[in-house]
Amino acid sequence: MYTERRNIKIFSCNANRELASAIAKNLLLDLGQAEVSQFSDGEISVKIDETIRGADVYIIQSTSSPVNDNLMELLIMIDAMKRASAGRITAVMPYYGYARQDRKARARDPISAKLVANLLTVAGADRILTMDLHCAQIQGFFDIPVDHLLGAPLLTNYYREKYGDNLDEFVAVSPDLGSVGRTRVFATRLDIPLAIIDKRRPKANVSEIMNIIGDIEGKRVILVDDMIDTAGTITNAANALKERGAIEVDACCTHAVLSGPALERIEKSAIQELVVLNTISLPAEKRIAKIKEISVAKTFAEAISRIHEGTSVSTLFD
C-alpha cells in the first residue's frame with residue numbers, strides 16, 4: 001500500500017489507541033512516541049518524545065466520551081506539534097463530536113460544530129480526516145481541507161459477504177427522514193429496495209413511530225443510521241418493523257456512541273444483529289453478543305497514505 005515513509009508520523013491521543021495502532025500497522029509504521037496524561041487538577045499534559053520538525057504528522061483521536069477531555073487532548077497535541085515545527089498537521093477524527101449541534105434549532109442555541117471547527121483550525125490543524133459526519137455540511141464550517149470518508153462501503157461489503165445471493169430478501173430502512181440520503185446510498189450499493197420510517201419526536205430522546213413508507217411485510221430488513229446514541233430511535237423502529245410484518249430485523253451504524261440505556265434497549269429489542277464500525281472504542285462491557293464490530297483501520301490507513309502522497313482520496317469509494 002505505502003512505500004515512502006521517510007517523513008510521515010502517526011500519533012495517538014487516548015480516545016482510541018487500539019484503532020490508532022491498527023492504522024499505523026497497516027501503514028507499516030510504529031506509533032509516534034508521545035505521552036498524553038493529566039495533571040492532578042485535571043489539566044491535559046502532552047509530551048512529544050521524538051523530533052517532528054518538517055514531518056507530515058497525523059494525530060488520531062475520536063472526540064467521543066469523555067468528549068471534552070478527548071477534544072482538549074487533540075487541541076493541545078495539535079498545538080504542541082505546531083510549536084515543534086511539524087511540516088503539516090492532520091487531525092484524524094474517526095468520530096467528530098458535537099456534530100449534532102450544527103444549526104440553531106431554537107432561539108439562542110449555539111452552533112457547537114462550528115465552534116469545534118474554529119478551535120481545531122486555530123490550534124494549528126492543516127487538514128481534517130473524518131468519517132460519516134452527522135451532517136455533511138459541517139465540511140463547510142472549516143477553512144481548511146476536510147476529507148470525509150464513508151462507512152457505507154465497509155457495511156455493505158459485510159452484508160454482501162454474509163448474505164450473498166439472498167440479498168433479494170432484504171429491504172434497507174431509514175429510521176427517520178434525516179437518514180434517507182445515507183440509506184439510499186446503502187440500498188443502491190446492495191441493489192435492494194428502500195423503505196422510510198416517518199416519525200414524530202415529542203421531546204428529546206423520545207421518538208414515536210408514525211408511518212412506514214415502503215413494503216417491508218414478509219421481508220428481512222436492515223436499519224441504517226450514522227450513529228446510535230441512546231438507541232431509542234433504532235430500537236423503536238426495529239420493534240415497529242417487526243410488529244408490521246418484517247420477518248427479521250438487523251441494524252447497522254458507523255458510530256456506536258451507546259450512551260445511557262442503549263445496551264439494555266438493544267438487548268430487549270427486535271434487532272437480531274447490530275453491526276458497528278470501530279470509530280469509537282467499545283469497552284469490554286459494551287461488547288454484547290448482538291453487536292458485531294468492523295474495523296476502519298485499513299480505510300483510514302489508505303486515506304492517510306493517499307493524502308501523504310498527494311493522490312485522490314475520493315477514488316476509495318469508486
Side-chain angles (χ1 to χ4, degrees), residues 132 134 151-152 154-277 280 282 285-294:
D132 280 349
H134 186 64
L154 292 169
L155 295 169
T156 53
N157 286 346
Y158 170 79
Y159 286 113
R160 191 176 293 109
E161 290 173 7
K162 181 174 182 178
Y163 294 114
D165 296 335
N166 296 323
L167 281 171
D168 57 354
E169 303 172 5
F170 283 84
V171 176
V173 180
S174 173
D176 53 36
L177 295 176
S179 297
V180 172
R182 66 178 59 91
T183 306
R184 183 180 291 114
V185 170
F186 180 93
T188 301
R189 291 184 69 93
L190 288 179
D191 193 24
I192 61 177
L194 170 69
I196 303 166
I197 294 178
D198 176 30
K199 68 177 176 62
R200 176 170 57 88
R201 187 188 294 273
K203 58 183 179 180
N205 292 327
V206 175
S207 61
E208 181 180 342
I209 302 299
M210 296 295 289
N211 192 29
I212 297 175
I213 305 166
D215 181 19
I216 55 91
E217 188 171 356
K219 296 286 188 176
R220 302 163 76 180
V221 302
I222 304 173
L223 281 159
V224 183
D225 213 343
D226 66 319
M227 71 171 67
I228 295 176
D229 188 354
T230 59
T233 295
I234 205 83
T235 54
N236 287 346
N239 295 337
L241 289 166
K242 193 75 172 178
E243 290 167 4
R244 300 188 187 195
I247 59 175
E248 178 184 315
V249 181
D250 288 338
C252 64
C253 73
T254 301
H255 310 298
V257 179
L258 303 182
S259 64
L263 294 176
E264 182 181 357
R265 286 173 172 174
I266 291 166
E267 286 277 28
K268 292 180 179 179
S269 75
I271 295 173
Q272 179 171 290
E273 180 183 60
L274 171 61
V275 181
V276 304
L277 305 184
I280 296 174
L282 278 185
E285 62 270 18
K286 290 187 177 181
R287 296 177 184 270
I288 61 175
K290 280 191 175 185
I291 294 179
K292 165 72 176 178
E293 191 177 45
I294 298 173

A.B. asks: Tell me yes or no: between the side chains of R189 and T156, is some donor less than 3.5 Å from an acceptor?
C.D. replies: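 The answer is yes; a qualifying pair exists.
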
A.B. asks: Kindly indicate whether the side chain of R182, heavy atoms from C-beta on, has any atom under 4.5 Å from the side chain of D225.
C.D. replies: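 Touching, per the 4.5 Å side-chain cut-off.
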
A.B. asks: Between K290 (side chain only) and S269 (backbone N and O only), is there a donor and an acceptor less than 3.5 Å apart?
C.D. replies: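 It does hold such a pair.
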
A.B. asks: Do Y163 and L190 have side chains that approach each other closer than 4.5 Å (heavy atoms only, starting at C-beta)?
C.D. replies: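 The answer is no; the side chains never approach within 4.5 Å.
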
A.B. asks: I'd like to know whether K292 forms a salt bridge (Lys or Arg N to Asp or Glu O under 4.0 Å) with E273, so could you lay out the CA-CA distance, the side-chain angles of the two residues, the decisive distance to 0.1 Å, and finally the verdict.
C.D. replies: CA-CA 7 Å; K292 165 72 176 178; E273 180 183 60; over 6 Å; no

A.B. asks: Within the structure provided, determine whether Y159 and C252 are in side-chain contact (heavy-atom separation under 4.5 Å).
C.D. replies: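 Yes, side chains in contact.
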
A.B. asks: Within this structure, what is the CG-CD distance for the pair L274 and E293, rounded to the nearest 0.5 Å?
C.D. replies: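 These two atoms lie 10.5 Å from each other.
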
A.B. asks: Kindly indicate whether the side chain of V276, heavy atoms from C-beta on, has any atom under 4.5 Å from the side chain of L282.
C.D. replies: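 In short, these two side chains touch, coming nearer than 4.5 Å.
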
A.B. asks: State, yes or no, whether a side-chain contact exists between I192 and V171 at a heavy-atom distance under 4.5 Å.
C.D. replies: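 Not touching, per the 4.5 Å side-chain cut-off.
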
A.B. asks: State, with a plain yes or no, whether a side-chain heavy atom of I197 is found less than 4.5 Å away from one of V173.
C.D. replies: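 In short, these two side chains touch, coming nearer than 4.5 Å.
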
A.B. asks: Ignoring hydrogens and angles, tell me if any N or O in the side chain of D250 forms a donor-acceptor pair with the backbone of I222 under 3.5 Å.
C.D. replies: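 Absent.
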
A.B. asks: Quick one: are I216 and R244 in side-chain contact, heavy atoms under 4.5 Å?
C.D. replies: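 I216 reaches R244 side chain to side chain.
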
A.B. asks: Quick check on N166: does its CG atom have over 12 non-hydrogen neighbours (other residues, nucleotides or ligands) under 6.0 Å away?
C.D. replies: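 Counting other residues, nucleotides and ligands, CG of N166 exceeds 12 neighbours.
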
A.B. asks: Between the main-chain N or O of H134 and the side-chain N or O of H255, is there a donor-acceptor pair closer than 3.5 Å?
C.D. replies: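 Side chain of H255 to backbone of H134: no pair is present.
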
